[in-house]
Amino acid sequence: MPTILAQLDAAFRAAIRQAFGLDADPILAVSQNEKFGDYQSNAAMGLAKQLGKKPREVADQIKSSLNLGDVASEIAIAGPGFINVRLDPKWLARQLASVEHDSPPLASSRQKVVVDYSGPNVAKQMHVGHLRSTIIGDAIARVLEYHGDEVIRQNHIGDWGTQFGMLIAHLGASAAADQHIADLEDFYRRAKKQFDEDESFQTKARSTVVRLQAGEKSELDAWRRIVDESRRHFQPVYQQLNVELRPEHERGESFYNPYLADVVCELKEKKIAVESEGATVVFVPDYENPLIIQKSDGGYLYGTTDLAAIRYRIRELKAQRIIYTHDSRQAQHFAQVFWTARQAGWAEGVALEYAPFGTMLGEDNKPFKSRSGDTIKLKDLLDEADERALALVKEKRPDLSDEQRKSIASAVGIGAVKYADLSKDRTSDYVFSWDKMLSFDGNTAPYLQYAHARIKSIFRKAGEFRADAPIDLSTPHELALAKHVLRFGEIVELVARELKPHHLCNYLYELATKFSGFFENCPVIQSDEPLRSSRLVLCDVTAKTLAGGLDLLGIQHPEQM
Ligand code: ARG
């Protein structure tokens, strides 16, 4: 089912075409003030200029050509030439009745979209820096999928580079050689220490890289072991986070090795890359430092790999849109890589989009660190979320079994961490606060989860109801709730376009708030039929919309809390 906005857009476009013989954007938006209506078109002012007419006159002409059928109960012109539309409650009720039988895709054309997110570095513990990329990227991937796009998740892990000489040489000499590496960070630190302190080890590390790059079996085996060990650390974190990244989504830096020489060669041939001080670089307008794609010793860099990845994603994966959710500190890197790819002609008709995010801060407004000043391991952070949530649930629900409480707590704890992140505009920094994110009041995961569970409990009390009961939207609370439920698709489209999950969070928060308004003012179970069933249907679509929205954020919604 097309969204209300899409239906109005089509009708307004047709009216403008009929009135003036031109194709113009009706510039529709949800009304800021309910007094004037539900949706507003702001097209008349611009069109008036273009046509040399008075805005009100243009608005009048659009209005008289407008055929909204039974959609609107009122169309009015206000101010300089705004056209306000009020939706008809009976029409809304019918839309609502079809909403649950209806499923995506919303997208008029299905796109192939690559989402590049998470990308931890091998042999390093994942830290909070990877948290944002992982959960924002995952939410975007889920929204795009629901939207109807074909999503290809790509986990661009850092699994290649000169540091592997050091790591492999250290592995050979360490106790971890024939067992699992318990602490990756520690393993890395020790290898680095040995490298810094021991000259003969340095020589060994350097020759090891050369053998690795030449594809020697024993070095490759050791490298693979280190990558596998790393996966043993980050895969459970994805699981705990309820993030849809699996080994098959991994296409690490090493994957692009065979393409690097050719990428440099192509860019040189096209005169995009040039020699500079012995290195091969791309000078990108407006950037002081060029993008280096090959060092003077022949080595390739992070940017070379990203260029190979773009070319591969477009040529082989046939991506039409490529999205990168990574730290805003990588802005220059992606700007230079995108420019180079476009200049090379690889990205004809392909959208390359960088969706950056700010820093996670501690309550002291400084980058989030542990009390001792160390970076916090993601695993420890998530375990703490579980523990804190469990304490909360124990307090609230002494009546439940341990097992029930555990499962609710893991939904609440991880949900709180994810929601606190997703609910802020990703471009800004945000303060990580356990107390705020775990609060049952305000725009938090527990608040939404609780709202959802509360509706579920209504059904446990209500028993049977007629799901196909006619819906009656006669009170302002019912009407407001129904209109908001019906905006879900519009919000999905907005998130799919802007890649900002906080729009969805705000929407869900408002939904829960509108539901409260309805529930406090409109008796549900105590009402007589047919009103009782009508209101239960409203409860039902609200619960489904809340659950569906939380699903898109990768947040669980327990049946009871
Ligand atoms: N491994 C990188 C890091 O930890 C992130 C990878 C981002 N993806 C990419 N295609 N460059 O910073």
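All ligand and atom numbering here is 1-based and tracks the order in the structure.
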Does any donor atom in the side chain of Tyr117 or Asp138 lie under 3.5 Å from an acceptor atom in the other side chain?
yes

Sorted by chain and residue number, the residues having a heavy atom closer than 4.0 Å to an atom of ligand 1 are Asp116, Gly119, Asn121, His130, His156, Tyr302, Asp306, Tyr324, His326, Gln330, Phe334

If you apply the rule side-chain hydrogen bond (donor to acceptor under 3.5 Å, both in side chains), what do you find for Asp441 with Ser439, and how did you get there?
CA-CA 5 Å; Asp441 295 314; Ser439 165; 4.5 Å; no

Within a reach of under 6.0 Å around CD of Glu316, are more than 12 heavy atoms found that belong to other residues, nucleotides or ligands?
yes

Evaluate the ring planes of Tyr256 and Tyr259, with Trp represented by its six-membered ring, and classify them as parallel (under 30°), tilted (30 to 60°) or perpendicular (over 60°).
tilted

Exam field: side chain Lys271 to backbone Lys268, donor-acceptor pair closer than 3.5 Å:
no

Are Glu244 and Arg153 close enough for a salt bridge, meaning some N to O gap below 4.0 Å?
yes

